[in-house]
Peer 1: 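Pasting a structure here, questions to come.
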Amino acid sequence: MSEREDKTQVCIVGAGPAGLLLGHLLRAEGIDCVVLERQSPDYVLGRIRAGVLEQVTVGLMERLGLDSRLKAEGLIHDGFNLADGERLIRIDIADLTGRHVVVYGQTELTRDLMDASAERGLTVVYEANDVALHDVESDAPFVTYEKDGQAHRVSARIVVGCDGFHGPSRRVIPAGVAREYEREYPFGWLGILADVPPCNHELIYANHERGFALASQRSEVRSRYYIDVPLTEKLEDWPDDRVWDELAIRLGPEAAANITRGPSIEKSIAPLRSYVFAPMRHGNLLLCGDAAHIVPPTGAKGLNLAASDVHYAAEALTAFFRRNDADAVAGYSDRALARVWKAERFSWSLTRLMHRFPEDGPFERAMQVAELDYIASSRAAQTSIAENYVGLPV
Ligand code: RFL
Ligand code: PHB
């Protein structure tokens, strides 16, 4: 089979939020790039994931001029709540930090980026099979793939892996030059999406003796809820009524009284993991987003970390292609990792605080209660949580 060859400056693997954001930022700087995605657009949009955007993510959409729907439909949240039995601790992020977060689904953000691709001259190849990276240590790396029976090769100067946790990019980096840091959790989050009004105008993260629960939302008429379940649980054992019953118990009586039940339009179980792959650059390959790191969803950090990686990567690549500044590319990993580790710490500590771990005894539970008491009574403790939740500076 003859191979069709394309030349570009940057080949991006993966058209999730990281890949699409980076592609648009590079195009805005006049840098040529091609994005290769294994799935179809509908499949990518069907994955229900993040819901809470930090300023870094909103800021990139503003810079691209792709923020009109986000501004019109995104919900500004000035606070969120930690529930512990009967008690509700409100973290007033606006008062404590002067900032806010925006509730706007990852699906909607991805759709906005997808819809603008053609008009902005961003080439995205969907349903690209067998994507493989080659010669990333050289100055002439290339990526091969197959589509509709035709073999393709994209020759580039830089390759960026935005292909999520299971993608091929990270795997071409030799084990001897990198290090993996990993923590698995003994539970997953069972999520349910339903077209019903949320039970509360702000998010509630609950630590109940039966386990964790989160009341979140996508809009005033669409709710997203989660409960933690052992990894051995099967989705078919969780009909909607059982999920609603469990949420009503774990979220506490006040929230329960306001829950509107309805049929699920999506239901899935996601395992929880903390993971960092370092360094995030090898030769002329950069990694962004879930390709390099995973956080448990408790801090709402995953998508936002992907966005901050992309911010650093776009700066480095602009310096490289505009001013031939190779140091900017060399420095990418250290800049990105400094922020990644802080988000890893916050996500891990909020997960630790809000979940009942099977191995925990009375001492560990007493530590949770003491920490929640401290948070409830200390503005300093609340400020620390708020500044992490709203997003550390890039
Ligand atoms: P993605 O979104 O996984 O996109 C990677 C893309 O790469 C493609 N791909 C390939 N393409 C070509 N060839 C291959 N061989 C390929 N292999 C994979 C994939 O098809 C995909 O399109 O990674 P990206 O762009 O780095 O974005 C990361 C975010 O998606 C992720 O961190 C967040 O969704 C995490 N997350 C949350 N983050 C937040 O900031 N706030 C939240 O509230 C939040 N909630 C969540 C979450 C993740 C969840 N799950 C299911 C893991 C809630 C949940 C339940
Ligand atoms: C969500 O709405 O999907 C969501 C919100 C907050 C989190 C995680 C997920 O911490």
Side-chain angles (χ1 to χ4, degrees), residues 11-23 35-41 43-54 56-57 75 77 80 101-107 109-110 113-114 124-133 143-147 160-171 188-193 198 202-205 212 214-219 222-226 228 266-273 275 287-310 343 346-347 350-351 354 389 391:
C11 181
I12 298 171
V13 183
L20 290 177
L21 269 173
L22 182 63
V35 187
L36 304 178
E37 166 60 49
R38 185 168 57 131
Q39 306 290 356
S40 67
Y43 185 97
V44 171
L45 292 175
R47 294 189 295 228
I48 304 300
R49 292 187 170 175
V52 178
L53 306 185
E54 295 175 8
V56 60
T57 312
L75 303 173
H77 280 213
F80 68 98
V101 291
V102 178
V103 169
Y104 189 68
Q106 178 167 330
T107 299
L109 182 117
T110 307
L113 293 164
M114 260 183 196
V124 186
V125 180
Y126 286 95
E127 297 177 271
N129 298 310
D130 304 329
V131 169
L133 292 74
V143 180
T144 54
Y145 67 97
E146 180 273 329
K147 185 175 163 76
V160 187
C162 297
D163 45 355
F165 186 65
H166 300 288
S169 298
R170 187 177 69 244
R171 290 169 226 283
W189 277 18
L190 189 161
I192 186 170
L193 186 71
E202 291 176 346
L203 272 61
I204 304 174
Y205 294 82
F212 171 84
L214 168 60
S216 182
Q217 53 191 264
R218 289 291 176 274
S219 71
R222 181 168 285 189
S223 300
R224 180 70 164 159
Y225 289 97
Y226 298 93
D228 79 324
E266 195 267 359
K267 193 162 49 176
S268 52
I269 299 179
L272 266 62
R273 184 195 306 274
Y275 176 86
L287 300 176
C288 289
D290 281 14
H293 41 72
I294 298 289
V295 286
T298 324
K301 291 280 158 264
L303 167 61
N304 296 300
L305 264 192
S308 60
D309 289 352
V310 162
F346 177 66
S347 305
L350 202 59
T351 302
M354 298 309 293
Y389 195 82

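The model shown is predicted, which means the values in this text are computed figures rather than measured ones. For ligands, and for the atoms within them, numbers begin at 1 and follow the listed sequence.
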Peer 1: Report yes if some N/O of E37 lies less than 3.5 Å from some N/O of ligand 1; otherwise report no.
Peer 2: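 Checking ligand 1 against E37, an N or O pair does fall under 3.5 Å apart.
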Peer 1: Report the part of L36 (side chain from C-beta onward, or backbone N, CA, C, O) that has a heavy atom under 4.0 Å from ligand 1; answer both or neither where that applies.
Peer 2: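 Backbone only.
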Peer 1: Please state which option from P41, A306, C162 has its nearest heavy atom closest to atom 5 (C) of ligand 1.
Peer 2: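 The residue whose heavy atom sits nearest atom 5 (C) of ligand 1 is C162.
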Peer 1: Polar contacts were defined as any N/O atom of the residue lying under 3.5 Å from an N/O atom of the ligand; does this apply to G289 and ligand 1?
Peer 2: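 No: no nitrogen or oxygen of G289 is under 3.5 Å from one in ligand 1.
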Peer 1: Identify the protein heavy atom lying closest to atom 7 (O) of ligand 1, giving its residue, its atom name and the separation to 0.1 Å.
Peer 2: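 In this structure, atom 7 (O) of ligand 1 has D163 CA, 3.2 Å as its nearest protein heavy atom.
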Peer 1: Backbone or side chain, does any N or O of Q39 fall under 3.5 Å from an N or O of ligand 1?
Peer 2: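 There is no such contact.
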Peer 1: Report yes or no: does R170 contribute a side-chain atom to a donor-acceptor pair with the main-chain N or O of F165 at less than 3.5 Å?
Peer 2: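 A pair under 3.5 Å: yes.
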Peer 1: Among all protein heavy atoms, pick out the one at the shortest distance from atom 34 (O) of ligand 1; state its residue, atom name and that distance to 0.1 Å.
Peer 2: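 Residue, atom and distance for the closest contact: Q106 OE1, 2.7 Å.
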Peer 1: Working to the nearest 0.5 Å, report the span between NZ of K267 and CG of L193.
Peer 2: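 Rounded to the nearest 0.5 Å, the NZ-CG separation comes to 12.0 Å.
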Peer 1: For atom 5 (C) of ligand 2, grab the closest protein heavy atom and report residue, atom and distance to one decimal in Å.
Peer 2: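 Going by distance alone, atom 5 (C) of ligand 2 is nearest to S216 OG, 3.5 Å.
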Peer 1: Would you say H166 touches ligand 1, if touching means a heavy atom closer than 4.0 Å?
Peer 2: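 H166 does not count as a contact of ligand 1 under the 4.0 Å cut-off.
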Peer 1: Below 4.0 Å from any atom of ligand 2, is there a heavy atom belonging to K301?
Peer 2: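 Checking ligand 2 against K301, which is what was asked, there is no heavy-atom contact under 4.0 Å.
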Peer 1: Counting heavy atoms only, name the option from Y43, Y145, Y226, W189 that's nearest to atom 55 (C) of ligand 1.
Peer 2: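 Ranked by closest heavy atom to atom 55 (C) of ligand 1, first place is Y226.
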Peer 1: Would you say ligand 2 has an N or O under 3.5 Å from any N or O of Y205?
Peer 2: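 Such a contact does occur with ligand 2.
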Peer 1: Does an N or O from P168, backbone or side chain, lie closer than 3.5 Å to an N or O of ligand 1?
Peer 2: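 Between P168 and ligand 1, no N or O pair is found under 3.5 Å apart.
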Peer 1: Rounded to the nearest 0.5 Å, what separation is found between the CG atom of D290 and the CZ atom of R273?
Peer 2: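 So the CG of D290 and the CZ of R273 are separated by 10.5 Å.
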Peer 1: Kindly compute the distance separating CG (L303) from CG (L21), expressed to the nearest 0.5 Å.
Peer 2: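 Spacing of CG (L303) from CG (L21) equals 8.0 Å.
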Peer 1: With only distance considered, is Y389 within less than 3.5 Å of ligand 2 through an N or O on each side?
Peer 2: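 No; every N/O pair is 3.5 Å or more apart.
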Peer 1: Suppose we measure from atom 2 (O) of ligand 1 to each protein heavy atom; which comes out shortest, and what is that distance?
Peer 2: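 Ranked first by proximity to atom 2 (O) of ligand 1 is R49 NH1, 3.1 Å.
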Peer 1: Using non-hydrogen atoms of the residue, decide whether G51 is closer than 4.0 angstrom to ligand 1.
Peer 2: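 Contact check G51 vs ligand 1: positive.
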Peer 1: I'd like to know if R47 contacts ligand 1, where contact means a heavy-atom distance under 4.0 Å to any ligand atom.
Peer 2: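 Per 4.0 Å heavy-atom rule, R47 contacts ligand 1.
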Peer 1: Considering only heavy atoms of V52, which atoms of ligand 2 have at least one such atom less than 4.0 Å away?
Peer 2: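 So the atoms of ligand 2 that pass are 5 (C), 6 (C).
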Peer 1: Taking distance alone, with N or O pairs closer than 3.5 Å, would you say L303 contacts ligand 1?
Peer 2: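 Between L303 and ligand 1, an N or O pair is found under 3.5 Å apart.
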Peer 1: Decide whether an N or O pair under 3.5 Å exists between V131 and ligand 1.
Peer 2: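 There is no such contact.
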Peer 1: Check whether any N or O atom of W189, backbone or side chain, sits under 3.5 Å from an N or O atom of ligand 2, and answer yes or no.
Peer 2: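 N/O-N/O distance below 3.5 Å does not exist for this pair.
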Peer 1: Do ligand 1 and A270 have nitrogen or oxygen atoms that lie under 3.5 Å from each other?
Peer 2: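 Checking ligand 1 against A270, no N or O pair falls under 3.5 Å apart.
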Peer 1: Have a look at G302, S347, A50, P297 and point out the one with the heavy atom closest to atom 10 (O) of ligand 2.
Peer 2: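 Going through G302, S347, A50, P297 one by one, P297 has the nearest heavy atom to atom 10 (O) of ligand 2.
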Peer 1: Taking the six-membered ring for Trp, are Y226 and W189 parallel (under 30°), tilted (30 to 60°) or perpendicular (over 60°)?
Peer 2: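 Because their plane-to-plane angle lies in the 30° to 60° range, the rings of Y226 and W189 count as tilted.
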Peer 1: When you compare ligand 2 with Y226, is there at least one nitrogen or oxygen pair between them that comes in under 3.5 angstrom?
Peer 2: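 Yes - when backbone and side-chain N and O of Y226 are compared with those of ligand 2, one distance drops under 3.5 Å.
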